[in-house]
Amino acid sequence: MKHEDEQDQLPSARPQSLMFSFLGIYVLGRDTAVYSGSVIDVFARLGVSEEAVRSTLTRMVKRNLLARHRQGKKVYFGLTRHATEVLDDGRRHVWERGAVNRDWDGTWTLVGFSLPGSERSTRHDLRSQLIWAGFGLLQGGLWIAPGAKDVESMLAPLGLGDNVTVLQARAFKPTESADLVRKAFDTDQIAERYRAFLDRWDTAHPLPSATDDLARQLFLHTDWLQLVRQDPRLPAEHLPADWPGIRAETVFHTLAHRYEPSAATLATSVLDELPLRP
């Protein structure tokens, strides 16, 4: 058991990551926009400065994630269709997929690619998309993920065409699926991230220095989403019986439900919302 001051150490969370959590909880699916001043008030509870909030909102407008709506002298921010898709994907990662893959059918999705040196930015975007989708690097230019993956829709915006090859396969001797897991995925590192999450949140009073349950809720959701984004959801049969992701998932759900009522009440008292017409 760690000391309380050690338990109170927060993961590194950028304002934009916290903003995604905020938008996913309080804006997604509500057909509403939120006044920038009230967003600043919420983020003050997280120790995020007004300047950082305004900068984050501006960047997200430029990236077509937020749209400005004016009413009088006030500026409200609502979700774009692109943001809705991104946040829906994050919601599925958090609430539907789970931290452990118990339904694996033995298949793997393989993605191979070869891009010229001049396409460095595209290569970076492709790798980021693959990692987000649960792929691990098996060997030079060949990535694998357990199960069937919708690679086509994931890669379509990158316009890679013949530069990418996508296959679905099963392991055959002398290759074992356990060997693929070992080679392509750093399970020790994944487990360590879950243990760090448990050190922060699996306590009687998590994050005691936080202002209130609204702050704890946003930090919790951000911490968990960053964690599951990095988890390829490996087959349970190839993970230890005491895999820390199982306990971590239980802790997240318990705390998320605990914080929800009081956090929602606080958010309602702070947020200035503008209903958007369909």
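Only heavy atoms go into these numbers, but all of them, side chains included; no hydrogens, no water, no symmetry mates. Heads up: numbering here begins at 1 and tracks the sequence.
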Using modelled atom types and a 3.5 Å cut-off, is there a donor and acceptor pairing between side-chain atoms of [X] and backbone atoms of [Y]?
X      : Y      : answer
Trp224 : Leu227 : no
Thr268 : Ala264 : yes
His238 : Leu234 : no
Asp212 : Ala215 : yes
Arg91  : Gly24  : no
Ser38  : Val34  : no
Thr80  : Ala67  : no
Lys149 : Ala133 : yes
Thr107 : Arg170 : no
Thr203 : Asp199 : no

If you measure from [atom1] on [X] to [atom2] on [Y], what distance do you get to the nearest 0.5 Å?
X      : Y      : atom1 : atom2 : value
Arg14  : Phe20  : CZ    : CZ    : 8.5 Å
Leu167 : Thr165 : CG    : OG1   : 6.5 Å
Arg200 : Asp223 : CZ    : CG    : 4.0 Å
Met19  : Arg59  : CE    : CZ    : 9.5 Å
Gln71  : Tyr76  : CD    : OH    : 5.0 Å
Arg54  : Leu57  : CZ    : CG    : 8.0 Å

So do the side chains of [X] and [Y] get within less than 4.5 Å of each other, counting heavy atoms only?
X      : Y      : result
Arg233 : Pro146 : no
Phe77  : Arg68  : yes
Tyr26  : Leu214 : yes
Phe219 : Ser21  : no
Phe22  : Leu271 : yes
Leu65  : His82  : yes
Leu23  : Leu66  : yes
Val270 : Arg45  : yes

- Item | Derivation of the side chain to side chain contact (heavy atoms under 4.5 Å, CB included) call for Ile144 and Thr109 | CA-CA 6 Å; Ile144 64 169; Thr109 299; over 6 Å; no
Can you tell whether the side chains of [X] and [Y] come within less than 4.0 Å, N to carboxylate O?
X      : Y      : result
Arg81  : Glu85  : no
Asp213 : Arg258 : no
Glu273 : Arg30  : yes

- Task: Kindly determine whether Val166 and Phe113 satisfy side chain to side chain contact (heavy atoms under 4.5 Å, CB included), including the steps that lead there.
- Result: CA-CA 9 Å; Val166 181; Phe113 65 89; over 6 Å; no
- Item | Closest contact, heavy atoms only, Ala52 versus Pro15 | CB-CG, 4.3 Å
- Kindly give the heavy-atom pair with the smallest separation between His69 and Ala33, and that separation in Å.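 Minimum heavy-atom contact is CD2-CB, 4.0 Å.
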- Is the number of heavy atoms from other residues, nucleotides or ligands under 6.0 Å of Arg92 CZ greater than 12?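 Count over threshold, so yes.
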- Item | Glu96 atom CD: more than 12 heavy-atom contacts under 6.0 Å | yes
- Query: Do Trp95 and Phe252 have ring centroids that are under 6.0 Å from one another?
  - Reply: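 Between Trp95 and Phe252, which both carry aromatic rings, the centre distance is below 6.0 Å.
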- Query: After noting the C-alpha distance and the side-chain angles of Leu218 and Val42, does the key distance pass the side chain to side chain contact (heavy atoms under 4.5 Å, CB included) rule?
  - Reply: CA-CA 10 Å; Leu218 293 175; Val42 168; 3.9 Å; yes
- Derivation and outcome, side chain to side chain contact (heavy atoms under 4.5 Å, CB included), residues Leu255 and Gln217: CA-CA 8 Å; Leu255 292 177; Gln217 180 194 51; over 6 Å; no
Which pairs of donor and acceptor atoms, one on a side chain in residues 185-196, lie under 3.5 Å apart (sequence neighbours left out)?
residue : atom : partner : partner atom : Å
Asp186  : OD1  : Asp188  : N            : 3.4
Asp186  : OD1  : Gln189  : N            : 3.0
Gln189  : OE1  : Arg193  : NH1          : 3.1
Arg193  : NH2  : Gln230  : O            : 3.3
Tyr194  : OH   : Asp231  : OD2          : 2.2

